[in-house]
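Quick notes on the structure that follows.
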Amino acid sequence: MKKILLGSAALLVAACASSQMPWQKTEAVAEAPAASVAAPVLTVEDAETFITAAEAELTEMGEYAARVYWLQATNINFDTNWLVSKVGAKYTQMAVRLANGTKKYEDLDLPDELARKMSILKAGITIPAPSTDGVADELANITTNLESTYSTGTFEHNGEKLNLTQLSNIIAESRDPEELATVWAGWREISKPMKSEYARMVEIANEGARELGFSDTADMWLANYDMPSADMEKEVERLWTQVEPLYDQLHCKVRADLNEKYGDDVQPADGFIRADLLGNMWAQQWSNIYDIVGPETSGPSYDVTTKLEEKGYTPLKMVETAENFFTSLGLEELPETFWERSQITRPRDREVVCHASAWDLDSKDDIRIKMCTQVNAEDFQTVHHELGHNYYQRAYKNQSTLHQGGAHDGFHEAIGDFLALSITPSYLKDIGLIEESEIPDASADTGLLMNQALDKIAFLPFGLMVDKWRWEVFRGETTPEEYNDSWVKLRQQYQGITPPVERASDAFDPGAKYHIPGNTPYLRYFLSFVMQFQFHKAACEMSGWEGPLHRCSIYNNKEVGEKFNAMMEMGASKPWPDALEAFTGTREMDGSAIIEYFDPLMTYLKEENEGRACGWK
Ligand code: X8Z
Ligand code: ZN
């Protein structure tokens, strides 16, 4: 999801009618009431006035900035980078001024909704700058440069200059360990030049966070979950402890099968798994190697990529199919402008940010996705993911500006994925992608679950380690000299994987993953991968489903749709446990739904792994 400041999507007030830029306003906006000689005693009304003015400012500037960002993300060049740096700096200055403005009201006993807006305003800036002159400009230049370096990165392989999409396809499809290692390391060349800029950005962000009263940027990121930062960190640990045994079994089985396929020299039977053998550039989701690690006898008779190709699906048809899932739940169709303005495939004549995202340009109806969609199972999942963001944005558009956001960022990431958990064989039959006769019977469940686990379970430690790395960096526990070693170590510790080749001392592997140069916090995905199963289980129960969770589809279920939309409409207006309770009846994030979903697979994995020495520590 593209969001410049949490809780402040861009609302359209009016088109930019004057030649004045929104931030060059002459009247004082969102300032405290005029100071008198003695410090004025501030009231709840003053706080309300401040927030109303702040929301108006965020709305106006937000839309302006969002449109500039969209132009750059769909056409990266010198000028659009220049514009994005300018608007980014101004936006950060404004957001920091408003965040600092909340301090005056800290001692007031504010009504809940107002207090919530204050804290969203204060903690919602992803990379803050201090108010020192010139620093916001420096920061904006760095962040623009990092993201465009990533998005335009290429590596020459077999005499051809390849972009990330092409390199990723090789990692997904090649079974030649030498080629895999070359491409894996080749992509990581693009991030070496980012390292020093990244280090400077960390310094700036921490100065900004401290000015706002946080101990560092990690503290600030963790302050967005309706509880003290330290408690949230413990919550994350608790969730990880719940799901870790699932990952350990999956790792053990996959390592054994890779060992069998490639032999001891390429993949030893014990220790870490070689990161380039797992079918994904970052080894974050492994379903591309289902052909190697899936059960031989039990599995569906179809492959979604093949089916999409056979049935002549285009990227556009994939998005229409995803929209149809949402409308089957009783939600409205996407607006015409979505189809006119979205970028669904990679343009051939210009550089773009290909990493998929969903945008809300005006906080009304100008919602869009930006993808470089390919016709395959992975992107079929991603189009549902992105539309989830758009449907959430539209559901909460009538909330006030600072409440236009997810209940927390994990909710935002979970919406589309939750729906996509209903892409079952019988759903695929309903939409005509497979025939009735191709619906596999229960004997195929192990295969179906294995395929799902390769994406959903494999992801969990990755979802966790990315921000573990950043928290340590922001806290100064990892210095720039240690950036890469610490990344490699966390990958080993949590994922049990290791680079295929030795890392050079100037390597900056974290920079080769979009969300690091793109400054998108990552904890959200870990939370989402746990919570989407909670949503799925609650929805299936609501629909009266009594079979195994992985066979349940809520397609066409209007009752579930209505309840789900009610949660989405709440946006960020209430603490997230209220939103969770509204849909699932529980106020806690909980891994037991994902454990229940994969329970039959766990039994199978344990049998398969019998006699093996699992683990890598
Ligand atoms: O970045 C994304 C989405 C956009 S919010 C495509 N995801 C994470 C990733 O690709 O690393 C979705 C799953 C995890
Ligand atoms: Zn997302």
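Side-chain atoms are counted along with the backbone in the values below, which use heavy atoms only and exclude waters and symmetry mates. Along the sequence shown, residues are numbered consecutively beginning with 1. Whatever order the structure lists them in is the order used to number ligands and atoms, beginning at 1.
- Inter-residue side-chain proximity for R524 and D467 is flagged as unmet; no heavy-atom pair is nearer than 4.5 Å.
- The existence of a salt bridge linking R67 and D366 is confirmed by a sub-4.0 Å separation between a basic side-chain nitrogen and an acidic carboxylate oxygen.
- Using a cut-off of 4.0 Å between Lys/Arg side-chain N and Asp/Glu carboxylate O, E351 and R346 are scored as not salt-bridged.
- Heavy-atom proximity to E413, at under 4.0 Å, picks out these atoms of ligand 1: 5 (S).
- Distance alone, capped at 3.5 Å, places no donor-acceptor pair between the H536 side chain and the S422 backbone.
- Those atoms of ligand 1 that come under 4.0 Å of a heavy atom in A356, given as number and element, are 4 (C), 6 (C).
- Every atom of ligand 1 with a heavy atom of E386 under 4.0 Å away is listed here by number and element: 3 (C), 4 (C), 6 (C).
- Within the 2.8 Å limit, H385 places at least one N, O or S atom next to the Zn ion (ligand 2).
- Every atom of ligand 1 with a heavy atom of H389 under 4.0 Å away is listed here by number and element: 5 (S).
- Note on ligand 1: Q285 sits outside its first shell, no heavy atom being nearer than 4.0 Å.
- The cationic atom of R368 (NZ for Lys, CZ for Arg) lies less than 6.0 Å from the six-membered ring centre of W70 and within 45° of the ring axis.
- For E472 and R475, the salt-bridge test fails: no basic side-chain N is under 4.0 Å from an acidic carboxylate O.
- Within E413, the N, O or S atom lying nearest to the Zn ion (ligand 2) carries the name OE1.
- Nearest-residue assignment for atom 11 (O) of ligand 1 (options Y514, Y522, Y525; heavy-atom criterion): Y522.
- Between Y290 and D303 there is no side-chain heavy-atom pair separated by less than 4.5 Å.
- Residue contact check: Q284 has heavy atoms under 4.0 Å from atoms 9 (C), 10 (O), 11 (O) of ligand 1.
- Atoms of ligand 1 found under 4.0 Å from any heavy atom of K513, numbered from 1 in the order shown, are 9 (C), 10 (O), 11 (O).
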